[in-house]
Student: 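Sharing a structure here in structure tokens format.
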Number of protein chains: 2
Amino acid sequence: MITIYDLAKKTGFSSTTVSKALNNYPDVSKKTKQAIIDTAAEMGYLPNAHAQSLSTKKSWTIGVMFSESNGVGMKHPFFSGVIESFRKHAEKEGYDLILASRNLRNRGTSYLEHFLYRGVDGIMVICSDPKDPQVQEMINSSIPIVVIDMSNQECSVVFSDNLSGGELAINYLYSLGHTKIAHIAGDHTIYAGKIRIKGYMDAMKKRELPVRDGYLVNGGLFSIQDGALAMEKLLDLADPPTAVFVAGDHMAIGAMETAKARGYRIPEDLSIIGYDDIEMASYVTPKLTTIKQDTDQIGVRATQLLMKQIIQKKKIVTEEIIPVTLMERESCTRLIK
Amino acid sequence: MITIYDLAKKTGFSSTTVSKALNNYPDVSKKTKQAIIDTAAEMGYLPNAHAQSLSTKKSWTIGVMFSESNGVGMKHPFFSGVIESFRKHAEKEGYDLILASRNLRNRGTSYLEHFLYRGVDGIMVICSDPKDPQVQEMINSSIPIVVIDMSNQECSVVFSDNLSGGELAINYLYSLGHTKIAHIAGDHTIYAGKIRIKGYMDAMKKRELPVRDGYLVNGGLFSIQDGALAMEKLLDLADPPTAVFVAGDHMAIGAMETAKARGYRIPEDLSIIGYDDIEMASYVTPKLTTIKQDTDQIGVRATQLLMKQIIQKKKIVTEEIIPVTLMERESCTRLIK
DNA sequence: AACTTCAACGAAAGCGCTTTCGATCCAGAG
DNA sequence: CTCTGGATCGAAAGCGCTTTCGTTGAAGTT
């Protein structure tokens, strides 16, 4: 490894001047600056990030944490979509992402501690559980942070407009003539799940549609199996719905599976609308009509929010709500009386 | 931030002893060791990773790079599956992953340079293009590295058994009575694509099945659209196949779409088998029969291989071939004459 | 000629930690 | 009572870089 001292020796300047030249300080002449840069290139010099960070207290890294409540981790399309978008944009600003582990050598450290240990400049969290103590700890610390997919009054958050998502869905279904509309909900410990329930309830009330007994069924942790199970309950009802708004695409797909298995035709006998617009939604049969979350935009806004805090060196608390859109496909149709 | 000097002051020992106590050196008594650890906990001491790395030349980080030939990046289920598995296992060994960017502040640095700059202990690469110059550069360097999804004679690689994958597929189709079997291939600049072609050709030859004109069609970069296009070509043939082995699930799904659009029933009129076993495969209609790549196992083996090199401090060149399995679902059926 | 100004450079301390190499002290050996 | 060896501890250098502050010399002022 070649250091600034090597460059100093070679060029005849001091290490101070070398450092300044490399960092484009004003108090070094054009000529020596060029000379130093040239020999740096020639000798294949690379700065040492650790030394730099130690000295400047800035690491140009961002810690990324996602809670894996249901064990899917990065494999969930929503997560990987957001992370990828975030990565791309953070990269443009010069930051690397570090995917942190918790159970590092020094046992029993929290994520916050771990990020502190790593000296990250900021933290990006994707978490759906507002009560997660690990996330709380990070939010309460003074480090710049942006959290995605939940709401919080004490930090920067960005999440989809889950409320109007429900409105959109119900409105659409209603416009197709449906009135017996059920909701397969995400667990209410999960922020998005809770709000989507509210969206559903509000929209139903607004149109004076009754939420019949059993029409609000908990679909658990958003998995395909959960959705399948929930649909069973719905179809077991004495007076089953003609349309169902499902809080997640995976669940919706599971729901379609059981409906089909039970002989229902979709959408003729039962309209289904999902939430997320994962890639799969476009390729199941029938193609799933759904509420699209804009993972790209979420990543973009999250980056901006975090950068702002890092630069200003102060936390800013704000809510960034990303609009959702209705993706009209094939799983819903006009109610035939 | 509180340092070992603060601990030294508080406990009355030297910083040397504090450091030794924290690192469990043998030449510090049980009693003082405990005292130091206690006050460290009490004062909320956290080591500084940058200082540590600077001093020890070990960063406990692994650089991760994936080539985004087709722009999907981490969003592709295979990538995110492997990365997630790798992360989990590297974490157990005490390593954090750093997702690197190339165009950092210092413009025009390569990935290798960037990883060197970051001082990673090793590199994990997911790349399908054996010719990628960036990857070559890394392989040729002396840093521990493991590359996934391609073959190479000069480093540790782990990839699926693409050859027997083809064999498996053709064998299965053949056992169902098919002889007119086509192949929608991945571009041959992509390692997996190339080998799967070979697997197809070998298996066909082995059974003395003719590869008719136009039966080997290039599906490009593994996208759904690519697959759809390729299937058009196949169905335009004067003597179209009765079964097709597709080099990737996305392509297979695209292929199914056009086949269905053209009025073919699957599997009655046309059997289709894919490659990957992405989640979606189980939920399209009909459920896609496919060759499953074991992303978990790939991640596990990659971690092990990399750890080994890091510990032994020397590159080891070896090939780890992960078995694939046939996932029999609904998109293939016995040929009805 | 004496003085101010400014551009260009360098000495040195500091960032927080590790590690080598002594130094010290005391128990037990001779 | 002296010597040896082992157990504990610390001084100091070093990792590679940044940054403050001072120094130098030449150009410009009066």
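Below, read A as the first sequence line, B as the second, and so on, with proteins coming before strands; counting in each chain starts at 1.
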Student: Could you say whether B:T16 or B:H50 is positioned toward the 5' end of DNA chain C, judged by the nucleotide with the nearest heavy atom to each?
Tutor: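 The residue closer to the strand's 5' end, by nearest nucleotide, is B:H50.
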Student: Step by step, work out the side chain to side chain donor-acceptor pair (under 3.5 Å) result for A:K194 and A:N162.
Tutor: CA-CA 9 Å; A:K194 203 169 82 181; A:N162 292 300; over 6 Å; no
Student: So B:M43 and B:L7, do their side chains get closer than 4.5 Å, heavy atoms only?
Tutor: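 In contact.
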Student: Nearest whole angstrom, please: distance from the C1' of D:dC15 to the CD1 of A:I4.
Tutor: 12 Å
Student: Determine: side-chain N/O of A:Q52 to OP1/OP2 of D:dT18, distance under 4.0 Å, yes or no.
Tutor: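 Checking D:dT18 against A:Q52, a side-chain N or O does come within under 4.0 Å of OP1 or OP2.
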Student: Let's see if you can work this out: which of D:dC15, C:dG10, D:dC17 has an atom nearest to the side-chain heavy atoms of B:L54?
Tutor: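 Nucleotide nearest to B:L54's side chain: D:dC15.
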Student: When you check the phosphate oxygens OP1 and OP2 of D:dG16, does a side-chain N or O of B:K57 lie under 4.0 Å from one of them?
Tutor: yes
Student: Answer yes or no: does atom NZ of B:K58 have more than 12 heavy-atom neighbours from other residues, nucleotides or ligands under 6.0 Å?
Tutor: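 Yes, NZ of B:K58 has more than 12 neighbouring heavy atoms, counting only those of other groups under 6.0 Å.
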Student: Once you round it to whole Å, what is the distance between C1' of D:dG16 and CG of A:L46?
Tutor: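 Those two atoms, CG and C1', are 13 Å apart.
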Student: Report the nucleotide, chosen from D:dT18, C:dC17, C:dT18, that has the shortest atom-to-atom distance to any side-chain atom of A:S55.
Tutor: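 Closest nucleotide to the A:S55 side chain: D:dT18.
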Student: Check whether more than 12 heavy atoms from other residues, nucleotides or ligands sit under 6.0 Å from atom NZ of A:K33, and answer yes or no.
Tutor: yes
Student: Check the orientation of B:H76 and B:F79. Use parallel for under 30°, tilted for 30 to 60°, and perpendicular for over 60°.
Tutor: tilted
Student: Under 4.5 Å between any side-chain heavy atoms of A:I148 and A:V125, yes or no?
Tutor: no
Student: Please report the distance, rounded to the nearest Å, between OH in A:Y117 and P in C:dG16.
Tutor: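 Result: 15 Å.
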Student: Keeping B:Q134 on the side-chain end and B:Y111 on the backbone end, is there a donor-acceptor pair under 3.5 Å?
Tutor: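 Yes.
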Student: What's touching nucleotides 6-9 of chain D from the protein side, N or O pairs under 3.5 Å?
Tutor:
| from | atom 1 | to | atom 2 | distance (Å) |
| --- | --- | --- | --- | --- |
| D:dC9 | OP2 | B:S29 | N | 2.9 |
| D:dC9 | OP2 | B:S29 | OG | 3.3 |
| D:dC9 | OP2 | B:T32 | OG1 | 3.0 |
| D:dC9 | N4 | B:D27 | OD2 | 2.9 |

Student: Provide, to the nearest angstrom, the distance between the CG atom belonging to A:D6 and the P atom belonging to D:dG16.
Tutor: 9 Å
Student: Give one of base, sugar-phosphate or nothing for B:Y25, where a contact means two heavy atoms less than 4.0 Å apart.
Tutor: sugar-phosphate
Student: Using C1' atoms of five pairs at each end, report the bend of the helix from C:dA1-D:dT30 to C:dG30-D:dC1 rounded to 10 degrees.
Tutor: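 About 60°, once rounded to a multiple of 10°.
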Student: OP1, OP2 of C:dT18 versus side-chain N and O of B:N23: anything below 4.0 Å?
Tutor: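 Looking at the OP1 and OP2 atoms of C:dT18, one of them is under 4.0 Å from a side-chain N or O of B:N23.
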Student: CD1 of A:I2 versus C1' of D:dG16: gap in Å, rounded?
Tutor: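 After rounding, the gap between these two atoms is 12 Å.
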Student: For residues 144-154 of chain B, pull every pair meeting side chain to side chain donor-acceptor pair (under 3.5 Å), keeping only residues two or more places apart or in separate chains.
Tutor: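 Residue pairs passing side chain to side chain donor-acceptor pair (under 3.5 Å), neighbours aside: B:S128-B:D149, B:S151-B:E319.
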Student: Are A:T295 and A:E84 packed together at the side-chain level, in the sense that at least one heavy-atom pair is separated by less than 4.5 angstrom?
Tutor: no
Student: Rounded to whole angstrom units, what separation is found between the CG atom of A:N48 and the C1' atom of C:dC17?
Tutor: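 One finds 14 Å between C1' of C:dC17 and CG of A:N48, rounded.
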Student: Any donor-acceptor pair, under 3.5 Å, between the side chain of B:Y5 and the base of C:dC15, if you only look at N and O atoms?
Tutor: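 For B:Y5, whose side chain was compared with the base of C:dC15, there is no donor-acceptor pair (under 3.5 Å).
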